[in-house]
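These numbers come from a predicted model, not from an experiment. Here is the naming used below: chain letters follow the sequence lines, and residue numbers restart at 1 for every chain.
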2 protein chains.
Amino acid sequence: MTQPRARAPRRDILSKQRLRLWLRLLKTSRDVEGNIRERLRTQYDTTLPRFDVLAALYRNDKGLKMSELSGALRVSNGNVTGIVDRLVTDGAVVRVAVPGDRRAQLVRLTKKGMSEFETMAAEHETWVNGIFAGLTADDCDRLMALLEVVDDSAAAASSRNGE
Amino acid sequence: MTQPRARAPRRDILSKQRLRLWLRLLKTSRDVEGNIRERLRTQYDTTLPRFDVLAALYRNDKGLKMSELSGALRVSNGNVTGIVDRLVTDGAVVRVAVPGDRRAQLVRLTKKGMSEFETMAAEHETWVNGIFAGLTADDCDRLMALLEVVDDSAAAASSRNGE
DNA sequence: ACGATATAGTTTAATCCTAAAATATTTCAG
DNA sequence: CTGAAATATTTTAGGATTAAACTATATCGT
């Protein structure tokens with residue numbers, strides 16, 4: 001030992017600060033998500049995963065194959081099977097055979113599914129706008145930029161880890 | 001109709017911007033969380049909920065009642081039952097009777113649970129520090145402040161909604 | 001002491017979610 | 001053409017999650 005060192009080196013403080021930031025990011029995200037889930041449940045008797053599937057199909061009016069759907073939503077294949085099953089039961093989507101490939105099928109919104117989604121999507125935007133009402137346009141830009149930095153880094157770490 | 005209006009009023013642009021920001025926040029949070037879940041799974045054969053329970057118990061070495069645990073983690077009562085069951089099976093925690101109240105019981109870390117958690121917690125901090133490496137101390141402060149604004153607003157909206 | 005109410009925890013039913021195995025079909029090399 | 005490999009999807013097994021129902025115990029007013 002040459003010299004007594006400061007008790008908490010700068011890098012350790014920064015490390016703890018980043019850890020607290022991650023906990024805050026997680027909490028904020030979960031709170032907002034919980035808020036939206038709750039309103040979807042009580043006001044539309046539906047769930048976020050169902051809403052997400054409808055949103056993906058709304059953006060693709062030709063329909064999407066199951067694998068395209070799970071790719072777009074970044075969830076597992078088997079997961080989508082169950083959610084689409086329930087949406088079919090409720091008449092919001094249909095499965096359509098793909099001509100020329102008997103393995104695949106397209107999932108498409110029905111008229112009912114489309115109109116239900118449009119109603120919910122408009123309200124959803126209002127909810128989000130209310131929750132983020134404390135942020136100006138500049139705040140949004142700053143927050144967006146910082147989150148992108150983190151997300152790029154998380155994606156890179158995941159691919160290094162072989163996901 | 002008095003005057004032709006601009007096609008996209010400022011408030012609509014801001015509303016869409018906030019919506020995009022929410023989608024980005026959600027994606028970033030899920031990507032980081034997925035990254036950490038994956039490493040907990042492959043490197044320690046455990047899950048984030050289990051890690052969270054161990055962390056809460058580590059901070060409370062006298063142990064926590066089931067209801068205190070679910071309160072601290074903000075998850076439902078029944079949820080904690082299953083997670084603690086599995087931790088008991090693995091010998092990481094024990095359930096201890098509370099003298100004077102035969103309804104309640106304390107959950108406490110075992111020696112094994114404590115040492116396992118310490119190992120994981122150190123690595124966990126390293127992972128997080130790596131993912132957030134692109135942010136300076138000032139970035140962290142800014143991001144933290146903006147997230148707090150959003151979270152306060154989400155909490156307020158939830159309580160208004162009666163949660 | 002007694003009955004109503006509150007509290008602690010578990011169970012149940014439903015959905016979500018993943019990884020891995022299984023099934024069916026297609027593609028492609030030889 | 002045929003068999004191997006690739007692709008599309010479902011099924012399975014296990015855990016996480018919630019709300020609501022349920023069991024057991026405690027508390028409190030009268």
*asked:* Any base atoms under 4.0 Å from A:Val80, or only sugar-phosphate, or nothing? Heavy atoms, all strands.
replied: nothing
*Of the listed nucleotides C:dC16, C:dT18, D:dT10, the one nearest the side chain of A:Thr81*: D:dT10
*Which of these nucleotides, C:dG9, C:dT10, C:dA19, is closest to any side-chain atom of B:Arg95?*
C:dT10
*How many Å lie between CD on A:Glu33 and P on D:dT18, as a whole number?*
11 Å
*Choosing from C:dC17, C:dA24, D:dG15, which nucleotide comes nearest the side chain of B:Thr47?*
D:dG15
*Round to the nearest Å and state the distance from A:Gln105 atom CD to D:dT10 atom P.*
5 Å
_Whichever of A:Ala104 and A:Arg30 has its nearest DNA chain D nucleotide further upstream toward 5'_ = A:Ala104
*Does B:Arg103 get its side chain close enough to the base of C:dT7, under 3.5 Å, for a donor-acceptor pair?*
yes
_Atom-to-atom span, CG of B:Asn79 to P of C:dA8 - whole angstrom_ = 18 Å
*Separation of D:dT18 C1' from A:Leu40 CG (nearest whole Å)*: 15 Å
*asked:* Nearest whole Å is fine: how far is D:dT17 C1' from B:Asn77 CG?
replied: 13 Å
*Calculate the interatomic distance between A:Asp90 atom CG and C:dA14 atom P; express it in whole Å.*
14 Å
*First of B:Arg102 and B:Ile83 reached from the 5' end of DNA chain D, by closest nucleotide*: B:Ile83
*Beyond-backbone contact of B:Val93 with B:Arg108, side-chain heavy atoms, under 4.5 angstrom*: no
*D:dA19, C:dC16, D:dT17: which one has an atom nearest the side-chain heavy atoms of B:Pro49?*
D:dT17
*Considering heavy-atom distances to DNA chain C, does A:Asp101 or A:Gly78 have its closest nucleotide positioned more toward the 5' end?*
A:Gly78
*Verify the distance criterion only: is there a donor paired with an acceptor across the side chains of B:Glu118 and B:Tyr58 at less than 3.5 Å?*
yes
*Taking A:Tyr44 as the fixed residue, which of A:Glu116, A:His124, A:Glu123, A:Arg39 is the one that meets the side chain to side chain donor-acceptor pair (under 3.5 Å) rule?*
A:Glu123
*Roughly, in whole Å, what's the span from CG in B:Leu87 to P in D:dG15?*
11 Å
*Taking CG from A:Leu48 and C1' from C:dT15, how many angstroms apart are they, rounded to a whole number?*
13 Å
_Side chain of A:Ser67 only, heavy atoms from C-beta on: which candidate in C:dG9, D:dT9, D:dT18 is closest?_
D:dT9
*Only one of A:Asp152, A:Asp141, A:Asp151 forms a salt bridge (charged side-chain N to carboxylate O under 4.0 Å, His left out) with B:Arg24, so which one is it?*
A:Asp151
*Mind checking whether A:Phe117 and A:Phe51 have ring centres under 6.0 Å apart?*
yes
